[in-house]
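Throughout, a chain's letter reflects where its sequence line sits, starting with A, and its residues are numbered from 1.
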Number of protein chains: 2
Amino acid sequence: MEYKIKSRIWIEVDNNVLLGEGRVRLLNAIEKTGSLSKAAKSLNISYKKAWTLVDAVNKSAKKPVTQSSIGGKGGGGAILTPYGKSLIEAFDAINKNCWKHLDTQLEKIQSL
Amino acid sequence: MEYKIKSRIWIEVDNNVLLGEGRVRLLNAIEKTGSLSKAAKSLNISYKKAWTLVDAVNKSAKKPVTQSSIGGKGGGGAILTPYGKSLIEAFDAINKNCWKHLDTQLEKIQSL
DNA sequence: ATTCGTTATGTCTTTACAAATATAACGAAA
DNA sequence: TTTCGTTATATTTGTAAAGACATAACGAAT
């Protein structure tokens with residue numbers, strides 16, 4: 001019976017979403033696995049969905065966020081660009097800050 | 001081509017939503033119009049949807065947020081309880097604070 | 001040249017959620 | 001006792017998002 005404040009933040013450009021929590025999760029998984037298909041598996045989403053998300057991010061970001069290669073040893077792969085890495089870092093920092101900030105506000109509602 | 005940070009906050013109790021921006025908008029409209037059906041019309045949503053939302057709020061809040069009457073002069077109506085009024089006030093204050101806070105964080109991303 | 005695991009897409013199906021429609025009940029006032 | 005605008009609720013219909021499925025291309029290694 002306790003109230004909780006929850007939040008979602010995201011970055012938009014030209015009125016469409018560039019980056020939200022889900023996309024950041026996916027980019028993190030790409031960084032960890034070096035592959036879009038492995039990242040998708042680790043998050044239990046379809047490859048198609050993962051690809052669509054990454055494609056949307058790359059199309060609306062100022063600079064590409066991932067770089068991918070097709071064929072060759074291991075079939076190919078995907079890695080984050082330096083811009084991509086700093087972007088998700090900044091996002092996570094802002095998000096955590098926001099949670100902290102909201103936690104301090106909760107008492108305003110509890111005490112009613 | 002400018003990045004923007006957007007956010008949504010909401011209050012949960014027992015893992016389901018108690019209050020979000022849409023519900024607060026609706027409660028504000030009820031306060032202004034004194035009627036759920038008029039509030040729904042003013043927000044261009046169906047009466048059914050408005051009723052379902054208000055019902056969910058009243059069911060999960062610690063105390064009722066609206067009080068309604070059926071029949072009689074004017075057919076009836078709905079008003080906010082004192083608890084409801086203070087709840088939406090607190091929500092709006094927290095929400096605006098959050099926006100302000102996020103605006104100060106935007107440069108972290110712009111500068112990348 | 002064949003295999004392999006990947007990236008890159010198109011298309012079709014399902015499903016969850018929103019919207020539309022219908023109907024009952026209520027009580028003051030005329 | 002009929003009218004009126006409202007609250008309250010069920011049921012059906014429509015739609016957009018998610019998921020499933022299928023297929024092509026690629027390039028290093030064997």
B/K4/A/E12 ion pair, N-O < 4.0 Å
no
Do A/Q105 and B/N97 make a side-chain contact, defined as non-hydrogen atoms from C-beta onward lying under 4.5 Å apart?
yes
Between the side chain of A/R23 and the main-chain N/O of A/W10, is any donor-acceptor distance below 3.5 Å?
no
Members besides B/I70 in its Ile/Leu/Val/Met/Phe/Trp/Tyr cluster (side-chain heavy atoms under 4.5 Å)
none
Rounded to the nearest angstrom, tell me the gap between atom CD1 in A/I79 and atom P in C/dT6.
16 Å
Identify whether NZ of Lys or CZ of Arg in B/K62 sits under 6.0 Å from the centre of the six-membered ring of A/Y3 and within 45° of that ring's axis.
yes
Please check if the side chain of B/N58 supplies one atom and the backbone of B/P64 the other of a donor-acceptor pair under 3.5 Å.
no
Interface residues of residues 31-53 of chain A with DNA chain C (non-hydrogen, below 4.0 angstrom)
A/S35, A/L36, A/S37, A/K38, A/Y47, A/K48, A/W51
Short side-chain N/O contact to C/dA8 OP1/OP2 from A/S68, under 4.0 Å
yes
Euclidean distance, atom CD1 of residue B/I70 to atom P of C/dC26 [Å, nearest integer]
8 Å
For nucleotides 28-30 of chain D, print each protein N/O atom paired with a nucleotide N/O atom at under 3.5 Å, atom names and distance only.
from: D/dA28; atom 1: O4'; to: A/K73; atom 2: N; distance (Å): 3.3

Verify, without hydrogens or angle tests, whether B/N95 (side chain) and B/I9 (backbone) share a donor-acceptor contact under 3.5 angstrom.
no
Looking at A/K59 and A/D55, is there a salt bridge between them, counting it only when a charged N and a carboxylate O are closer than 4.0 Å?
yes
